[in-house]
Amino acid sequence: MVAQPMRRQPVWVGLGLLSIVFHLGLVFSGLVPALVARPLHMALALPWLFIYPARSRRQKVSGWVLMALGLAACLYTAWNAEALGDQYGFLEDNLQMAVGMVLLGVTLEMARRAIGWPLPLVALACLLYGFFGQYVPGQFGHPAVPLGSTLGTLTITEGGVWGSLTGVSVSVVAIFVIMGAVLNVGEAGQGFLNIAIAAAGRLRGGAGKVAVLASALFGSISGSASANAASIGAVTMPTMVRMGYPKSLAGAVEAVASSGGQIMPPLMGAGAFVMVELTGTPYTRIMAAALLPALLYFLAVWIGIDLFARRYGLKALDQDDQPSRRDVVVTLLFFLVPFGVLLQQMFIAQVTPQYAACMAILVGMLLLFLDIRFRVSLSAFTRRMSEAAIIAGRQISMIAAIIICASIVVGVLGMTGLGIKVTSVILALAQESLWPALLLTAVACLLLGMEVPTTAAYVICVAIAGPALNRLGIDLLLAHLFVFWFALLSTITPPVCGTVFIAAGIVGENWLKVAASAMRLGVGLYIIPLAMIANPQLIQLIEHPWRAVAAFVQIGVGLWGLSFAFISGHRLWLRLPAGLAGAAVCFGPALLR
């Protein structure tokens, strides 16, 4: 969907601040019942999805009606949480049936207004299967279940819309979204760009390499490819064009670099926290497992830019475009202080990631009083905090809409056993062979990722294909990382490549030309997930650090060969052997087994 312009009326600032206080309060107050916290989380998201973007009279009227119905259903659930919990998923009267139907309907419409039709249609198809699957002949049917039981399991238990994924959205994702909003509205936001310019601006093709570093830093906190491309890209792409980059290449650099934010710890576009819930793996281990593959991705993009720079004679940034050393150091501090608090709390104080992020948020809020000259300004704090409140409110509601809707899919798959049946089909089609199963899973991730956001595509695909990969001997965490990476393919792969569309629009170039360059620059996105399967030690940074580093170097060399084959301007007789050698280096261990 097209991003809505930011509206800063006091009511929206107030709602954003209420959302911030609510989610921080949940972390500091301790245990709050799931059937209280999760419905209130959804209730806070409703105005941002139904009223904030409304422009026409029809949108406003329908928005108010749907918001009122949704609020009533959410508040009813939260108010009666204890009694509903004692019903064990069975709705007792017509009022509860109506509340359940309203919750499901409003959830579908929330997602539709947030991201369009595809995900709600998938969820609706699953709901219809859950309600009427007993009429499906053969192995894909399921036993008849009373309507009150099916509807109740999805709406008044800690499954369905109030499942564990929604719990992740409430208690973890929202906190990191708030942290990203607070950091990005202050001097730390400019700090990402200054640090990148200082590190890479003087190198060949410097403008593109600056975009890679800035997008990696910004994306690690924002976790959003579109936000990355729209914010960092608005600065980096015009600079690249001015420094001689073809427009198609400038757009491709930013699209590919921005997409990497969703695989770069700590946030990973909410994927890391969803992965914690689905795998039972500690957050710190997921961060460690994801780090080297993410660095490989950005290394491959860096290599590609360097090859393009040689091909087109692209030079370093002009001296006038580079910040002073003082500005770099100062803006670096605005980022390092809260980020240092986050790491200290997580790894030294040994608190939960969400509690550590809360402490970093409080420090980041204090830094909003200061500018780059360390002058204290109450008006600047008010302006920045208002902007952070609106950004946080909008992003929390967007993620809530996606995750709550995806939870319907997961709930139906678990309730009906459909996921197990689809797993059997995948294994049968692959003839119990690993690599055909991997390719089938990759195609499914690509197709689904074209229609729904990365996190939702990952959740649905891993629920269906994850068990098949586990049965073929793939480690649980490795299978989840593989699926998550391939859910990202659609960000740069036609025909639906959202990040490419945004970059092409900003730079003013045909999106197909941008996509063609992006696919060559983003070769790592296609290769690294498969290379992880061939070299599983890559994700074992904690258990076997030296083996992990050796695998990193090996795959990095292979990616250089592949990038040379796809990007360099040399003759085919040089590029073809380099590409074949690169592929052999990446997948050699699997070929030898």
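You'll find the side chain of Glu254 reaches within 4.5 Å of the side chain of Ser215, heavy atoms only. The shortest distance between side-chain heavy atoms of Val253 and Ile305 falls below 4.5 Å. The side-chain heavy atoms of Met179 and Gln354, taken from C-beta on, include no pair separated by under 4.5 Å. The shortest side-chain heavy-atom distance between Leu481 and Pro529 does not fall under the 4.5 Å cut-off. Considering only heavy atoms from C-beta on, Trp64 stays 4.5 Å or farther from Phe50 through its side chain. Proximity of Leu46 to Val106: side-chain heavy atoms (C-beta onward) are separated by under 4.5 Å at one or more points. With contacts defined as side-chain heavy-atom distances shorter than 4.5 Å, the pair Tyr526/Ile492 qualifies. Contact check for Pro494 versus Trp511: side-chain heavy atoms found under the 4.5 Å cut-off.
With sequence neighbours excluded, the residues satisfying ring pair (Phe, Tyr, Trp, His ring centres under 6.0 Å) with Phe381 are Phe369. Partners of Ser19 under the side chain to side chain donor-acceptor pair (under 3.5 Å) rule, at least two apart in sequence or in another chain, are His23. When the ring pair (Phe, Tyr, Trp, His ring centres under 6.0 Å) test is applied to Trp302, no partner is found at least two apart in sequence or on another chain. Shown here are the ring pair (Phe, Tyr, Trp, His ring centres under 6.0 Å) partners of Phe482, two or more places apart in sequence or in another chain: Phe486.
Looking at Arg38, its side chain does come within 3.5 Å of a backbone N or O of Gly163 through a donor-acceptor pair. Remark: the backbone N or O of Ser259 is not paired with any side-chain donor or acceptor of Tyr297 at under 3.5 angstrom. Not a single donor-acceptor pair under 3.5 Å links the side chain of Glu109 to the backbone N or O of Gly105. Remark: side-chain polar atoms of Ser517 are not paired, donor with acceptor, to backbone N or O of Val514 under 3.5 angstrom. With hydrogens and angles ignored, the 3.5 Å screen pairs no side-chain donor or acceptor of Glu387 with any backbone N or O of Arg384. Counting only distance, with no hydrogens or angles, the side chain of Ser324 and the backbone of Asp327 share a donor-acceptor pair below 3.5 Å. Although no hydrogens or angles enter the test, the distance criterion places a donor-acceptor pair under 3.5 Å between the side chain of Lys209 and the main chain of Arg204. Proximity of a side-chain donor or acceptor of Ser62 to a complementary backbone N or O of Gln59 within less than 3.5 Å is detected. Under the 3.5 Å distance criterion, the side-chain polar atoms of Arg311 are matched with a main-chain donor or acceptor of Ile567.
Counting all heavy atoms, side chain and backbone alike, Phe334 lies closest to Leu183 at O-CD2, 4.3 Å. Of all heavy-atom pairs spanning Pro323 and Val328, the tightest one is CG-CG2, 3.6 Å. Residues Ser563 and Val523 come closest through the heavy atom pair OG-CG1, 3.7 Å.
The line from CG of Leu15 to OG of Ser397 is 10.5 Å long, rounded to the nearest 0.5 Å. Separation of atoms CG (Leu562) and SG (Cys586) is listed at 5.5 Å; rounding is to 0.5 Å. A distance of 9.5 Å separates CG of Leu317 from CG of Leu203, quoted to the nearest 0.5 Å.
Applying the 6.0 Å contact sphere to CE of Met243 captures more than 12 heavy atoms from other residues, nucleotides or ligands.
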>> One pair to check against side chain to side chain contact (heavy atoms under 4.5 Å, CB included): Thr279 and Ile286. What are the steps and the verdict?
In response: CA-CA 10 Å; Thr279 65; Ile286 287 178; 4.2 Å; yes

> Would Leu521 and Phe566 satisfy side chain to side chain contact (heavy atoms under 4.5 Å, CB included), going step by step from the backbone distance to the final call?
Replying inline: CA-CA 8 Å; Leu521 268 179; Phe566 288 124; over 6 Å; no

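Judged by distance alone, the side chains of His41 and Ser169 do bring a donor and an acceptor atom under 3.5 Å apart. Between the side chains of Tyr245 and Thr239, no donor-acceptor pair of N or O atoms lies under 3.5 Å.
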Tabulate below the donor-acceptor pairs under 3.5 Å that side-chain atoms of residues 192-199 make, not counting sequence neighbours, or state none.
unit_1 : atom_1 : unit_2 : atom_2 : d
Asn194 : OD1    : Gln190 : NE2    : 3.1
Asn194 : ND2    : Thr331 : OG1    : 3.3

Which pairs would a plain distance check flag for residues 438-445, meaning a side-chain donor or acceptor within less than 3.5 Å of a matching protein atom at least two apart in sequence or in another chain?
unit_1 : atom_1 : unit_2 : atom_2 : d
Thr441 : OG1    : Ala437 : O      : 2.8

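Relative ring orientation between Phe176 and Tyr283 is described as tilted, the plane-to-plane angle lying within the 30° to 60° band.
Relative to the six-membered ring of Trp117, Arg112 meets both conditions, a distance below 6.0 Å and an angle of at most 45° to the axis.
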